[in-house]
Q: 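One structure follows; several queries about it will come next.
Every value quoted in this text rests on a predicted model; they were computed, and no experiment measured them.
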Amino acid sequence: MSSATLPEFVEGEAPFSVPGAGKECKTWYKVSGDLKSGIRPLVVLHGGPGCTHEYLEVVSQLTNLYSIPVVLYDQLGNGRSTHLQERNGDVKFWTTQLFIDELHNLLTHLGIHDDLQRMLGAAFATQQPKGLHKLVIADSPASMKLWMEVAADLRLKLSQDVQDALNKHEAEGTTTHEEYLAATQTFYDNFLCRVKPMPPALKAAFDWVDKDPTVYMTMNGPNEFHITGSLKTWSIIDDLHKISVPTLLLNGRYDEAQDKSVEPYFQNIPRVKWIQFSESAHVPQLEETERFMEVVGNFLLKY
C-alpha cells in the first residue's frame, strides 16, 4: 500500500428530497481538485450497499498524480449522510433506484455528470445518462447469484473448522456470535483484503457499518458472503449491453469478486477493457495502490 500524501479536500452537503423519508435528507461529500479545471472528474461510489467512502479515499491520489478531480461521498443511510434507522428492513424504501436518484441529485448539485465506479455506477450507466464519459467497474459482481456461487467456492478453500463455524451459525441464525465473526474475519483476510493488519481506512468503513447496519442488513445481509437481503436476486446482466461508454473492468486474483462473477461485464459491454491485479483481493486500491493509480489514471486520460 502506498504512503503517498492525499490531496486537500473541500467538504459539503447536498440536500436530497426523499419521498417517504419523513425528514429532510442530505448527502455528504468531499472533493479533491478543481471541478472547474476542464479535466473530467471521477465520481467514486462506495460499495456495500451500506458501506462508506473511507476505504476509497486513497483514489484521490489521482488528483495529485494526474490533476483529476475526485468526488467521494457517503450514500444515504451511511457515514456522514442522513441516517434512517427507522427504515431498517424496509425493502421498498431501500432500493437501487433510490441510490441512483441520489447520485443524479449529487451530480446536479455539483454541476457534473461524469466517470463513475462500482456496481451502482454500472446500474447508473445502463440508463445512459447525459454527460457520462467513462465507467470504471471495480471488484463488483454482475449478479448476486454469481457472487454467492463464487463465495461458496471460496469458502471451501478455508480450513474445515472455519467452514464448520460459518455453516453452524448461519444454520442457527447466530451470525453475531463471536465464533462466527472470527470465521468471517478469516474469509476477509483471504478474499477481501490481504494487507495485514487491515488498513485503517478499510476498518473505518466497517466501523460505520457496525454503528448503523440499516442499509447493509436490509439490502445485503450480515457479511460479504452470506447474502440474505433484498439484493439476493439482483442482476444487471440483461442490461449490460446498454452501457455505451468505454469501460474499465477491474478485479483481483484473490478477489471475492472472482472472474466468474465479473465476466458478464466483459462479455456484454460493447467497449470494455479488463485488468486483473495479481497481488490483490477485493480492494486493489489499498493492496496495489501504485499500480491501481497508474491503470485507472491512464484509462481516464488516454482512452
Q: Does the salt bridge (charged side-chain N to carboxylate O under 4.0 Å, His left out) test come out yes or no for Asp207 and Lys211, once each step is laid out?
A: CA-CA 6 Å; Asp207 287 346; Lys211 290 177 185 177; over 6 Å; no
Q: Would Val43 and Ile112 count as a side chain to side chain contact (heavy atoms under 4.5 Å, CB included) if you check the C-alpha gap in whole Å, the side-chain angles of each, and the deciding distance to 0.1 Å?
A: CA-CA 9 Å; Val43 182; Ile112 57 176; 3.8 Å; yes
Q: Counting only heavy atoms from other residues, nucleotides and ligands, does the tally under 6.0 Å from CD of Glu178 exceed 12?
A: no
Q: Hey, is the main chain of Lys242 close enough, under 3.5 Å, to the side chain of Gln128 for a donor-acceptor pair?
A: yes
Q: Looking at every non-hydrogen atom in both residues, tell me the closest pair between Ser140 and Ala257 and how far apart they are.
A: N-CB, 4.1 Å
Q: Take Phe206 and Tyr55, measure what ring pair (Phe, Tyr, Trp, His ring centres under 6.0 Å) needs, and give me the verdict at the end.
A: CA-CA 9 Å; Phe206 273 107; Tyr55 72 104; 8.3 Å; no
Q: Kindly say whether Thr186 contributes a backbone atom to a donor-acceptor pair with the side chain of Asn190 at under 3.5 angstrom?
A: yes
Q: Looking at NE2 of His83 and NZ of Lys23, how far apart are the two atoms once the value is rounded to the nearest 0.5 Å?
A: 9.0 Å
Q: Okay, side chain of Tyr73, backbone of Ser81: is any donor-acceptor separation there less than 3.5 Å?
A: no
Q: Would you name the heavy atoms of Leu6 and Ser60 that are closest together and state the gap between them?
A: CD2-OG, 3.6 Å
Q: Show the nearest heavy-atom pair for residues Asp74 and Glu102, with the distance to one decimal.
A: O-OE2, 4.1 Å
Q: If you measure from CG on Leu62 to CG on Leu301, what distance do you get to the nearest 0.5 Å?
A: 8.5 Å
Q: How about Asp255 and His282: does a side-chain donor come under 3.5 Å of a side-chain acceptor?
A: yes
Q: Scan side-chain atoms only and decide if Trp274 and Asn251 contain a donor-acceptor pair under the 3.5 Å cut-off.
A: yes
Q: Have Ser143 and Ser235 got a donor and an acceptor in their side chains that come within less than 3.5 Å?
A: no
Q: How close do Ile243 and Ile269 get, heavy atom to heavy atom, and via which atoms?
A: CD1-CD1, 3.8 Å
Q: Is the backbone N or O of Gln61 less than 3.5 Å from a side-chain atom of Tyr66, with the two atoms forming a donor-acceptor pair by type?
A: no
Q: Have His169 and Thr175 got a donor and an acceptor in their side chains that come within less than 3.5 Å?
A: no
Q: Does a donor on one side chain sit under 3.5 Å from an acceptor on the other, for Gln85 and Thr214?
A: no
Q: Between Glu54 and Thr52, do the side chains contain an N or O donor and an N or O acceptor separated by less than 3.5 Å?
A: yes
Q: Would you compute the distance between atom CZ of Phe93 and atom CG of Leu98 and round it to the nearest 0.5 angstrom?
A: 5.5 Å
Q: Might you work through the side chain to side chain contact (heavy atoms under 4.5 Å, CB included) test for Val245 and His133, ending with a clear yes or no?
A: CA-CA 6 Å; Val245 297; His133 182 64; 6.0 Å; no
Q: Does atom NZ of Lys36 have more than 12 heavy-atom neighbours from other groups under 6.0 Å away?
A: no
Q: Heavy atoms only: give me the nearest Ser261-Leu146 pair and the separation to one decimal.
A: CA-CB, 3.9 Å
Q: Cut-off 3.5 Å, side chains only: do Gln276 and Asp259 have a donor facing an acceptor?
A: yes
Q: Counting heavy atoms not belonging to Lys92, are there more than 12 under 6.0 Å from its NZ?
A: no
Q: Can you find a side-chain donor-acceptor pair between Gln163 and Asn167 that sits under 3.5 Å?
A: no
Q: Looking at Lys168, I want to see if its NZ is surrounded by more than 12 non-hydrogen atoms of other residues, nucleotides or ligands under 6.0 Å.
A: yes
Q: Minimum heavy-atom separation for Ser280 and Glu287, please, with both atom names.
A: OG-CB, 3.4 Å
Q: Are Val295 and Val58 linked, directly or through other ILVMFWY residues, by side chains that come within less than 4.5 angstrom of each other?
A: yes
Q: Does any non-hydrogen side-chain atom of Glu24 lie less than 4.5 Å from one of Phe16?
A: no
Q: Do we see a donor-acceptor contact under 3.5 Å between the side chains of Glu170 and Tyr180?
A: yes
Q: Mind checking whether His53 and His46 have ring centres under 6.0 Å apart?
A: no
Q: Are Pro41 and Val70 close enough that some pair of their side-chain heavy atoms sits under 4.5 Å apart?
A: no
Q: Do Arg194 and Glu279 come within less than 4.5 Å of each other through their side chains, counting heavy atoms only?
A: no
Q: Are Leu76 and Leu110 co-members of a hydrophobic cluster defined by side-chain heavy atoms under 4.5 Å apart?
A: yes
Q: Hey, is the main chain of Met219 close enough, under 3.5 Å, to the side chain of Lys232 for a donor-acceptor pair?
A: no
Q: Would you give the length of the straight line joining atom CG of Asp101 to atom OG1 of Thr96, rounded to the nearest 0.5 angstrom?
A: 11.0 Å
Q: Please examine the side chains of Val31 and Phe9, heavy atoms only from C-beta on, and report whether any two atoms are closer than 4.5 Å.
A: no
Q: Is there a continuous path of hydrophobic side-chain contacts, each under 4.5 Å between heavy atoms, that joins Trp147 to Tyr254?
A: no
Q: Does any part of the side chain of Lys273, heavy atoms only, come nearer than 4.5 Å to the side chain of Thr247, both counted from C-beta?
A: no
Q: Find out whether Arg40 and Leu300 are in side-chain contact, i.e. whether some heavy atom of one side chain is under 4.5 Å from a heavy atom of the other.
A: no
Q: How long is the span from the CG atom in Leu132 to the CG atom in Leu107, to the nearest 0.5 Å?
A: 9.5 Å
Q: Evaluate the side chain to side chain contact (heavy atoms under 4.5 Å, CB included) criterion for residues His109 and Glu13: first the C-alpha distance (whole Å), next the side-chain angles of each, then the deciding distance (0.1 Å), finally the verdict.
A: CA-CA 9 Å; His109 178 82; Glu13 296 175 348; over 6 Å; no
Q: Tell me whether the guanidinium CZ or amine NZ of Arg253 lies under 6.0 angstrom from the six-membered ring centre of Phe277 and within 45° of its axis.
A: no
Q: According to a 4.5 Å side-chain heavy-atom criterion applied to Ile, Leu, Val, Met, Phe, Trp and Tyr, with indirect links allowed, do Met217 and Phe225 form part of one hydrophobic cluster?
A: no
Q: Could you tell me whether the side chain of Leu231 reaches within less than 4.5 Å of the side chain of Ile227, counting heavy atoms only?
A: no
Q: Hey, is CD on Gln160 packed in by over 12 heavy atoms from elsewhere, all under 6.0 Å?
A: yes
Q: Under 3.5 Å, side chain of Thr218 to main-chain N/O of Val215, donor-acceptor pair present?
A: no
Q: Does NZ belonging to Lys145 count more than 12 external heavy atoms closer than 6.0 Å?
A: no
Q: When you measure from the side chain of Asn268 to the backbone of Asp238, do you find a donor-acceptor pair of N or O atoms at a distance under 3.5 Å?
A: no
Q: Any chance the rings of Phe124 and Phe99 have centres within less than 6.0 Å?
A: no
Q: Taking atom CG of Leu45 and atom CG of Leu42, what is their separation to the nearest 0.5 Å?
A: 9.5 Å
Q: Do Ile137 and Leu250 make a side-chain contact, defined as non-hydrogen atoms from C-beta onward lying under 4.5 Å apart?
A: no
Q: Yes or no on side chain to side chain contact (heavy atoms under 4.5 Å, CB included) for Tyr29 and Glu11, after CA distance, side-chain angles and deciding distance?
A: CA-CA 6 Å; Tyr29 64 86; Glu11 299 183 8; over 6 Å; no
Q: Are Trp28 and Val71 connected in a single hydrophobic cluster, I mean Ile/Leu/Val/Met/Phe/Trp/Tyr linked by side-chain heavy atoms less than 4.5 Å apart?
A: no
